[in-house]
Amino acid sequence: MRRVIPAVGCAVSAHALVDDRTVLLWVQRSATTVLVLDDTGLDLVQSVSVRPNQVVFRAGDCPDSIRRAVHHGITRFIVGRQEHVDHLVEYARRKTFVHLAPSLPTVAPARRIVVVGLHGAVDPWGTPTEWADAAEHALCRTAQAKTLGTPAHRIVLSRSSGAVVPLSIDRLDSIVHAVDEALRQGCARWRLARPAVTIAVL
């Protein structure tokens with residue numbers, strides 16, 4: 001991935017950690033970001049000793065999951081509703097960083113909550129074109145967020161579910177090239193500085 005986008009952030013799904021010990025060891029040694037999508041994923045990262053500062057937790061329908069994640073020490077979240085932010089305000093006791101899902105264009109200012117970026121989801125079997133579309137849509141939202149007074153400087157692109165779909169090197173190359181081109185064109189179109197991007201493909 002970094003041969004194509006030198007500064008790209010890499011992330012893996014928590015569910016990938018149980019399928020391949022080599023991936024788990026790489027994550028533990030390199031401090032790679034782990035994307036947690038549900039309570040099962042939260043249990044997994046705890047059971048294999050992934051550090052809380054490596055985890056990004058995608059908030060769902062259950063407030064208790066958000067509470068558990070906060071109490072586990074996680075400070076990075078993907079939020080899709082204002083209620084998610086409200087729960088973080090209630091539970092968090094330190095600065096918490098959030099990425100906004102497409103369903104949440106902006107959030108009301110809140111104590112200890114810092115909006116740092118946007119999240120785009122792709123179908124688990126998504127094509128490189130679909131990954132590029134997600135990147136372009138996130139850039140469009142970045143431009144909108146700037147006008148709304150909520151600047152976002154990061155983009156996280158991931159699969160929409162925890163399904164672990166193996167990718168060949170050629171397929172991964174195609175996805176990263178497509179995302180890189182979408183970022184290049186989108187930044188020129190909307191006159192944006194290129195955001196930091198993290199891609200979670202495992």
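The first residue in the sequence is number 1, and the count goes up from there.
When atom types are taken as modelled, the side chain of Gln185 and the backbone of Ala182 share no donor-acceptor pair closer than 3.5 angstrom. Side chain of Thr32 to backbone of Ala11: no donor-acceptor contact under 3.5 angstrom is found. Not one N or O on the side chain of Thr96 forms a donor-acceptor pair closer than 3.5 Å with the backbone of Ala92. Within the 3.5 Å criterion, the main-chain N or O of His119 finds a donor-acceptor partner in the side chain of Arg141. Remark: the backbone N or O of Ala196 is not paired with any side-chain donor or acceptor of His153 at under 3.5 angstrom. Under a 3.5 Å cut-off, the side chain of Gln28 and the backbone N or O of Val48 do form a donor-acceptor pair. Remark: side-chain polar atoms of Arg2 are paired, donor with acceptor, to backbone N or O of Val8 under 3.5 angstrom. Formation of a donor-acceptor pair under 3.5 Å by the Gln54 side chain with backbone atoms of Val34 is not found in this model.
Atom CD1 of residue Ile78 and atom CG of residue Leu35 lie 5.0 Å apart, to the nearest 0.5 angstrom. Taking CD1 of Ile113 as the start and CZ of Phe97 as the end, the distance is 10.0 Å to the nearest 0.5 Å. Interatomic distance, Trp125 CH2 to Ser160 OG, rounded to the nearest 0.5 Å: 8.5 Å. Note that OG1 of Thr198 is 10.5 Å distant from CD1 of Ile5, once rounded to the nearest 0.5 Å. Expressed to the nearest 0.5 Å, how far CZ of Phe57 lies from CZ of Arg76 amounts to 14.0 Å. Of the inter-residue distances, the one linking Leu104 atom CG with Glu83 atom CD reads 9.0 Å to the nearest 0.5 angstrom.
Note: the hydrophobic cluster containing Val36 also contains Leu17 (ILVMFWY, side chain heavy atoms under 4.5 Å, direct or indirect links). In this structure, Val179 is not a member of the same hydrophobic cluster as Val156, with clusters built from ILVMFWY side-chain heavy atoms closer than 4.5 Å. No continuous path of hydrophobic side-chain contacts links Val18 to Val12 [ILVMFWY only; heavy atoms under 4.5 Å]. Cluster annotation: Val50 is not connected to Leu25 through the hydrophobic network of ILVMFWY side chains, with a link wherever side-chain heavy atoms come within less than 4.5 Å. Both Leu172 and Val4 are assigned to one and the same hydrophobic cluster, defined by single-linkage of ILVMFWY side chains at heavy-atom distances under 4.5 Å.
Pairs passing the salt bridge (charged side-chain N to carboxylate O under 4.0 Å, His left out) check and including a residue from residues 108-122, sequence neighbours excluded, do not occur. For the salt bridge (charged side-chain N to carboxylate O under 4.0 Å, His left out) condition, the pairs that include at least one residue of residues 59-69, sequence neighbours left out, are Asp39-Arg68, Asp43-Arg68, Asp61-Arg81, Asp64-Arg67.
In this structure the side chain of Tyr91 reaches within 4.5 angstrom of the side chain of Pro63, judged on heavy atoms. Between Thr33 and Cys10, every side-chain heavy-atom pair lies at or beyond the 4.5 Å cut-off. Between Ile155 and His137 there is no side-chain heavy-atom pair separated by less than 4.5 Å. Counting heavy atoms from C-beta on, the side chains of Ser13 and Ser158 never come closer than 4.5 Å. Counting heavy atoms from C-beta outward, Val98 and Val85 have side chains that stay 4.5 Å or more apart. Looking at Cys140 and Arg189, their side chains never come closer than 4.5 Å, going by heavy atoms from C-beta outward. Counting heavy atoms from C-beta on, the side chains of Leu139 and Trp190 come closer than 4.5 Å. Looking at Arg94 and Thr75, their side chains come closer than 4.5 Å, going by heavy atoms from C-beta outward.
For Arg51, the salt bridge (Lys or Arg N to Asp or Glu O under 4.0 Å) criterion is met by no residue, not counting sequence neighbours.
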